[in-house]
Amino acid sequence: MSGFSRRRFLQGCSAALVVGFSLVRPVSSLAAQALGADAPDKPIDGEQLDAWLVVRDDGHVVVYSGKVELGTGIETALRQIVAEELGVAFAATSLVQGDTQLTPNQGVTAGSKTIQVGGRQLRRAAATAREALRLRAAEVLGVPGDALQLHDGRASVRERPEQAVTYAELIGGRSFDQPVDRSAPLLEPASYRLVGTSVPRVDIPPKLFGEFSFVQDIRLPGMLHGRVIRPPITGVSALEVKIESIDDSALPEGVQVVRRGAFLGVVAENEWAAIQAARSLKVQWSHDVALPEMERLYDYLEALPARTSRIVDRGELHPQFEAAAQVLEARYEWPYQNHDSIGPSCAVADVRDDEITVWSGTQGPHQLRQVLAALAERPKEAIRVIYAEASGCYGHNGADDVAGDALLMSQAVGRPVRVQWSREDEHGWNPKGPAMRMRLRGALNDAGEVRGWHFRNWTPTHSTRPGPDGGDRALLAGMLIHGMPEFSRHVGGDRNAPIDYRFEHCRVEVNWLKVADTPLRPSALRGLGAVQNCFANESFFDELAHAAGRDPLQMRLQYLDDPRARAVLEAAAERADWQAARRGEQRWREGTASGRGVAYARYENENAYVAVIADVEVSERGVKVTRVTVGHDCGLIINPDGVRNQVEGNVVQAISRTLKEQVVFGREGVTSLEWGAYPLITFAEVPEVDIILIDRPGEPSVGAGEAASAPIPAAIGNAIFDATGLRLRQAPFTRQRLLAVRDA
Amino acid sequence: MALSLHVNGQAHPVSADPDTPLLYVLRNELGLKGPKFGCGLGECGACTVLVEGSPVRSCVLPVASFAERVVTTLEGLGDADNPHPLQQAFIDEQAAQCAYCIPGMIMSAQALLSRVPEPSEAQIRQALMANLCGCGTHVRILRAVQRAARAMAGERRV
């Protein structure tokens with residue numbers, strides 16, 4: 001067996017994937033434990049093949065992924081990719097995810113990059129493994145490697161299939177001991193049997209029978225329950241606050257108070273006692289926070305000092321505006337928005353003298369480990385972060401913060417502690433999708449051609465995640481102890497600020513604001529700035545089309561050369577039976593009016609293509625979206641039903657964000673602290689959704705997790721304009737806002 | 001004074017303070033993972049269980065008020081070997097994203113179907129109005145409930 005190490009990672013354990021409710025001294029991820037895939041000497045360096053996959057001695061393939069399942073189906077899709085490329089049955093694979101001791105660091109699971117980037121890394125690893133197995137099989141069978149076919153976990157001679165050897169025989173239970181080969185040949189998509197099919201999601205059945213353990217369901221022996229008590233300046237960005245005094249006279253017996261700086265928590269034997277204890281503690285805080293009035297938010301943002309970044313500067317704008325037949329100007333505004341996770345954030349930490357284990361719904365276990373090490377003042381090697389799925393994650397919610405809370409409480413009381421945020425904690429303190437203002441200016445000539453396009457926005461960074469900035473001060477607990485950090489990175493505010501339209505004279509400027517200057521703590525929410533920027537760009541494009549007397553779909557096609565961009569628009573238009581016309585001729589005052597609007601975006605100007613046609617009904621009761629048609633191209637599709645599910649989710653969530661969602665704040669912080677004050681879309685408001693997926697087997701897979709969110713707001717706004725002649729430029733498009741624009 | 005709860009066909013002695021909302025007892029004493037904590041305010045429906053067939057928000061009502069009642073959670077409907085038609089329909093329609101809200105959706109849907117065996121789409125939307133989903137799985141959830149209703153109607157006709 002030359003070429004393979006005899007070092008054994010795994011015993012031939014073929015335990016079924018049984019996830020327990022209660023664990024005896026659990027040190028591993030539940031999946032890893034059940035798979036017997038928890039070897040301490042397994043490498044996690046992504047350069048090494050053994051970091052990515054292991055063939056057990058029963059032939060079962062354990063895949064190790066640093067990207068995690070956030071409820072989008074990637075556990076299934078990543079297994080499809082590996083099973084296909086390696087040549088094993090889907091059922092012969094399992095996935096261990098997000099464990100700092102076992103899985104490679106693939107960065108944060110975000111930005112619609114799990115299939116696009118993580119899938120590619122796994123595909124390369126699987127191809128390397130397949131070729132290593134081919135070499136070995138050729139030696140064993142005494143034939144050239146290219147005479148072999150590799151599938152279903154065995155290598156057989158093409159001409160004499162009975163002459164075969166299994167992967168288990170070749171490598172089972174042993175390591176490959178070789179680097180990932182970046183030039184390993186990849187299978188031709190035309191030969192795929194598994195990729196491109198709608199394999200049912202493996203995580204759904206256990207979730208429907210109450211068998212699945214979310215992070216909220218983890219229980220450890222001896223575990224206590226913790227709750228946090230936050231300062232009254234809810235969710236503010238510049239967090240400077242002190243505890244003046246604490247009155248614990250009403251505290252039930254046996255409850256421990258944990259305090260470090262302005263971080264405050266209570267720990268109790270049972271959960272209800274912890275909840276009551278948190279309510280009974282009386283705390284005097286001092287601070288001098290005074291946020292701007294919410295009514296003045298956008299003027300306030302625009303007046304802040306900014307660092308201007310000119311990201312597109314093409315042609316000569318000034319002469320075009322001088323010579324224009326028509327100049328249009330408009331400003332668009334988007335509010336702070338929450339993450340809509342139905343389960344508030346939760347984590348479990350077990351801090352011991354020799355090691356710290358934290359179970360977390362984080363998007364970045366390795367990144368979280370780094371900042372937890374700073375918080376605990378321990379080396380990061382002493383900390384193990386294990387991913388456990390939380391309620392739906394649409395970006396940087398409270399998952400990382402609550403892990404810090406749990407660590408501090410466990411460290412203080414010397415027992416494992418589970419911290420569950422309340423609904424109020426989550427609505428108040430989860431980092432917000434940032435409020436933004438966008439200003440647009442466009443020049444049309446006599447022929448109705450766009451001669452000049454000038455975009456500007458005002459935005460803080462859309463990422464204050466644990467990462468290179470700030471150490472443990474990227475966690476709320478760290479901020480409460482040490483004060484807030486400077487966030488030097490600028491992320492996401494520029495996303496889809498540029499447009500794909502072939503305008504000769506074009507300028508795009510992003511005005512980056514300092515986090516501490518902006519009222520509420522910002523971070524990544526699905527799509528980042530793409531949602532806000534596309535809202536502005538695609539609405540303003542319609543304003544130009546109307547002014548030019550043009551059909552907005554035809555005018556988009558006129559300025560798009562990329563055939564894939566045109567194809568999604570044409571597919572949606574054909575399905576929805578789009579009739580070319582100048583839109584927005586109606587003048588609605590009362591009764592019910594209907595209309596339709598179109599919008600287009602290529603996510604990040606380089607990934608998935610999406611066209612949306614929205615149909616709306618507008619009445620005094622407000623805006624109702626009745627039907628949404630989507631043309632969608634994300635390259636090679638791994639799992640069509642999985643993509644469809646993501647696109648549907650984007651559509652429905654983006655409608656909710658466009659029509660309803662807005663964080664409300666006062667001078668001392670967020671005041672919309674439950675679903676009544678921050679309403680979500682309900683079943684009464686969900687439209688018919690019709691999706692056309694354009695599969696491109698010859699093109700790389702790009703993400704589908706966020707792209708379809710970006711064009712939804714403008715498609716709705718454009719449909720409202722078509723129905724009413726009214727242009728809504730500030731989200732959300734509530735009934736009050738609609739009537740205010742009508743009556744203005 | 002120890003309470004006794006009747007949950008999923010079994011009696012369970014309960015040691016919790018009688019003021020404790022039912023949800024915490026189901027999850028922490030009985031070890032059930034179907035009912036979820038979502039808001040603690042009765043707003044989102046993630047904690048929905050059935051009490052004598054009616055949907056109840058277990059996060060707000062004290063356990064003491066359930067002493068003489070028959071409580072059913074997701075686990076009481078069916079399991080992998082013997083799934084309830086709703087569970088099967090949600091699998092068949094792949095009607096989940098994160099699925100955190102789905103237990104509550106299924107319990108609310110079961111309450112509807114036991115009252116209105118062949119509901120219209122509008123009736124399903126109405127019955128699920130107060131169950132929130134953050135992932136935007138609504139379209140599939142509607143399809144799954146319709147599918148389950150058809151399956152259950154088929155069973156009755158056989």
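Residue numbering restarts at 1 for every chain, and letters A, B, ... go by the order of the sequence lines.
Ranked by heavy-atom pairs shorter than 4.5 Å toward chain A, the options B:V25, B:I106, B:D19, B:I124 are led by B:D19. Ranking B:G34, B:G40, B:G38 against chain A, the residue ahead of the rest is B:G38, based on heavy-atom pairs under 4.5 Å. Of all the listed residues (A:G642, A:C346, A:G343), the one sharing the greatest number of non-hydrogen pairs under 4.5 Å with chain B is A:G343. When the candidates A:P344, A:A654, A:C393 are compared by the number of heavy-atom contacts under 4.5 Å with chain B, A:P344 comes out ahead.
B:E52 CD: more than 12 foreign heavy atoms inside a 6.0 Å radius.
Between B:R143 and A:E648, the shortest heavy-atom contact is NH2-OE2, 4.1 Å. What you find for A:F214 and B:C98 is that their closest heavy atoms are CZ-O, 3.3 Å. Counting all heavy atoms, side chain and backbone alike, A:K207 lies closest to B:Q97 at NZ-O, 3.9 Å. Scanning both residues, A:L208 and B:L74, for their nearest heavy atoms gives O-CD2, 3.4 Å.
Both the backbone and the side chain of A:S391 come within contact range of chain B, with heavy atoms under 4.5 Å apart. Within the 4.5 angstrom heavy-atom criterion, only side-chain atoms of A:E389, from C-beta onward, approach chain B. Both the backbone and the side chain of A:V686 come within contact range of chain B, with heavy atoms under 4.5 Å apart. Heavy-atom distances place no part of A:H339 under 4.5 Å from chain B, backbone and side chain included. With a 4.5 angstrom heavy-atom cutoff, B:A46 touches chain A only via side-chain atoms. Using a 4.5 Å cut-off between heavy atoms, A:P687 touches chain B through its backbone atoms (N, CA, C, O) alone. Both the backbone and the side chain of A:R644 come within contact range of chain B, judged by heavy atoms closer than 4.5 Å. With a 4.5 angstrom heavy-atom cutoff, B:I102 touches chain A only via side-chain atoms. Contacts between A:I681 and chain B at a heavy-atom distance below 4.5 Å involve backbone atoms as well as side-chain atoms.
The structure places CD of A:E674 at 6.5 Å from CG of B:L41, a figure rounded to the nearest 0.5 Å. We find the OG1-CD distance between B:T20 and A:E271 to be 10.0 Å, quoted to the nearest 0.5 Å. Considering CZ of B:F37 and CD1 of A:I275, their distance stands at 6.5 Å, rounded to 0.5 Å. Here the CG-CG distance, from A:D340 to B:L132, works out to 9.0 Å after rounding to the nearest 0.5 Å.
Against chain B, the residues from residues 422-429 of chain A that qualify, each with a non-hydrogen atom under 4.5 angstrom away, are A:S422, A:R423 in number order. At a heavy-atom separation below 4.5 angstrom, chain A is approached by B:E75, B:G78, B:D79, B:A80, B:P83, B:Q87, B:F90, B:I91, B:Q94 within residues 75-95 of chain B.
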Please report the C-alpha distance between A:I342 and B:K36 in whole Å, then the side-chain angles of each, then the deciding distance to 0.1 Å, and finally whether the side chain to side chain contact (heavy atoms under 4.5 Å, CB included) criterion is met.
CA-CA 9 Å; A:I342 295 301; B:K36 300 289 186 207; over 6 Å; no
One pair to check against side chain to side chain contact (heavy atoms under 4.5 Å, CB included): B:V139 and A:E688. What are the steps and the verdict?
CA-CA 8 Å; B:V139 178; A:E688 195 182 330; over 6 Å; no
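Of the possible donor and acceptor atoms, one in the side chain of A:N645 sits under 3.5 Å from a partner among the backbone N and O of B:A96. A:Y394 places a side-chain N or O within donor-acceptor distance of the main-chain N or O of B:C135, the cut-off being under 3.5 Å. Between the side chain of B:R125 and the backbone N or O of A:E685 there is no donor-acceptor pair closer than 3.5 Å.
Considering only heavy atoms from C-beta on, B:E29 stays 4.5 Å or farther from A:N270 through its side chain.
Legend: ring-ring contact (aromatic ring centres under 6.0 Å, His included) pairs involving residues 113-149 of chain B, not counting sequence neighbours, sorted by first then second residue: A:F683-B:H138.
Here A:E211 does not pair with B:K33 in a salt bridge; the nearest charged N to carboxylate O distance is not below 4.0 Å.
Scanning for side chain to side chain contact (heavy atoms under 4.5 Å, CB included) contacts around B:Q126 gives B:M129, with sequence neighbours left out.
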